[in-house]
Amino acid sequence: MKVDPTNPESDVIGRAAAVVRSGGLVAFPTETVYGLGANGLSAAAVAGIFEAKGRPSTNPLILHVSDASEVLNVAAAWPATAQTLAARFWPGPLTLVVPKRDSVPNIVTAGGPTVAVRCPNHAVARALIRAAGVPLAAPSANRSTELSPTRAEHVLKGLNGRIAIVLDGGPCSGGLESTVVDVTGEIPRVLRPGLITVPMLEAVCGRVEVGTKSEGVARAPGQMVKHYSPRTPLVLVDRADEAERARAAASRLGLRAVVVGFDLPLTAASMYRAMMFEPDQYAADLYAVLHELDNGRYDQIVVEMPPDTPEWAAVRDRLTRAAARE
Ligand code: AMP
Ligand code: MG
C-alpha cells in the first residue's frame, strides 16, 4: 500500500495497525531500513517474524516506540546514560539496550534479561506504532542473512507472500541499520556501529567502548558474521588498483565482475558503479546499489573499501559482513 512518507493517510495506517493488533506482520519504512513489524508484546505475533524471515531464534529483536515516554512500558530501568542519549538522538537511528520488564516476551530478547528499544524518526513508523497502541518488534524486512531493504520493492523481493502488508513510503533516507548501544554497564558499549558514530556518542556521554563482550548473553543478529549479503559473491579490496586487478583476474577466469569503486576515476563507466564519497550518502545508497547489482548479471561484485575512520565504521562493518562466506 502506498503511503505518504511525511503525512501518512490515517485510513492506510488504520488498516496496517489493525493487522498488527490481530497478530499479523506489516513491513513499514523507517529512516534506517524497512522494518518487519509485529505486536512486540505478543509472543505469537513475534514468532511470525522469525518464521517469515527464517531468522534464528537466538537473535533478539528491537522494540520500536513512538515516543521516549513509552520506554518504561518495556524497560525495567532507564539508566541516566539512556536518558542522555535518548534526549540527544531520539527520534533517530539509535537503539538502546536496557533491562527488560517481565511484560516483554522472552522470544523478543532471545531469552536474555535485556531489551533493545528505539524511537524511529519516520512519520509512517511512528503513526503505525501509535495507531497499533503497542511497541512494534521490528527487524529489517528481509530474509535472514540477505541484503537489507531500503525500498518497498526490496521487501517484496524477499518476503512477498509471507507478510500481510508492506507500506510503501519510498526510499529510506538513512540506509543502514541503527547504532546499537548497551547502556546497562558503567561505560556505554557500541554493539553495532551505525549512522550515529562513536565520536557523536562520545561528544554527548564521554568515553564509549566498542564491540561485544565475548561472554555476552544476547548475541545480536547484526553480530552474525555473514549478514547483509547479496546472493552474488561480494569481494572487498583495499585500493583502486586492487579493484582493477580483481576485475581483470575475474575476466581472465571468464567471470563477469562489476566494481563498486570508491575513489576510482570514472573511466570505463559501464564497469564501475562509483559511490559517493560522503559517508551519509554512501550509506543511503549502499543497499539499493547492491540490490541493483545482485540481479544475476554478474558472477562477482568487487567493492573497494572506504577508509578506516570512525565515520565509515558502519559502512565497513556491513560490507565486511556482506563479504563473509558464513
Ligand atoms: P536488526 O533487527 O536486524 O536491526 O538487528 C537487531 C540488533 O539489535 C542486533 O544487531 C543486536 O545488536 C541488537 N539487539 C537486540 N536486542 C538486543 C539485546 N537484548 N542485547 C543486545 N543487543 C540486542
Ligand atoms: Mg536485519
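Residue indices begin at 1 and follow the sequence shown. All ligand and atom numbering here is 1-based and tracks the order in the structure. Keep in mind that this is a model prediction, so the values were computed, not measured.
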- request: Just jot down the ligand 1 atoms closer than 4.0 angstrom to any heavy atom of Leu191, in number order.
  value: 21 (C), 22 (N)
Under 4.0 Å to a heavy atom of Val97 - the qualifying atoms of ligand 1, by number: 20 (N), 21 (C), 22 (N)
query: For Arg316, does the CZ atom have more than 12 heavy-atom neighbours from other residues, nucleotides or ligands under 6.0 Å away?
result: yes
message: Hydrophobic cluster membership, with links at side-chain heavy-atom distances under 4.5 Å among I/L/V/M/F/W/Y: are Val117 and Leu72 in one?
response: yes
Test item, Thr95 contacting ligand 1 (heavy atom, 4.0 angstrom): no
statement: Correct closest heavy-atom pair for Ile129 and Val134 would be CG2-O, 3.5 Å
query: How far apart are the closest heavy atoms of Val65 and Glu70, and which atoms are they?
result: CB-OE1, 3.5 Å
query: Strictly under 4.0 Å, does any heavy atom of Thr114 approach an atom of ligand 1?
result: yes
Nearest-option assignment for atom 1 (P) of ligand 1, heavy atoms, candidates Lys100, Arg192, His64: Arg192
message: Between Tyr228 and the Mg ion (ligand 2), is there a contact where an N/O/S atom of the residue lies under 2.8 Å from the metal?
response: no
query: Which atoms of ligand 1 are found less than 4.0 Å from any heavy atom of Ala116?
result: 14 (N), 15 (C), 16 (N), 17 (C)
- prompt: With a cut-off of under 6.0 Å to the ring centre and 45° to the axis, is Arg318 in cation-pi contact with Tyr228?
  reply: yes
- line: Checking heavy-atom distances from atom 2 (O) of ligand 1 to each of Pro139, Gly35, Ser178, Pro113, the winner is Pro139
- prompt: Side chain, backbone, both or neither: which part of Thr109 has a heavy atom under 4.0 Å from ligand 1?
  reply: neither
- request: May I ask you to decide if Arg256's main-chain N or O and Asp299's side chain share a donor-acceptor pair within less than 3.5 Å?
  value: yes
query: Any idea which part of Arg55 is under 4.0 Å from ligand 1, heavy-atom wise: side chain, backbone, both or neither?
result: side chain
query: Which atoms of ligand 1 have any heavy atom of Leu61 under 4.0 Å away?
result: 15 (C), 16 (N)
query: Which is it for Asn59 and ligand 1 at heavy atoms under 4.0 Å: side chain, backbone, both or neither?
result: neither
task: For the residue pair Ser178 and Thr95, confirm or rule out a side-chain donor-acceptor distance under 3.5 Å.
output: yes
query: Have Asn59 and Ser57 got a donor and an acceptor in their side chains that come within less than 3.5 Å?
result: no
message: Looking only at the side chains, is there a donor atom on one of Glu177 and Ser140 sitting less than 3.5 Å from an acceptor on the other?
response: no
field: Contact atoms of ligand 1, heavy-atom distance to Ile62 under 4.0 Å
entry: 6 (C), 7 (C), 8 (O)
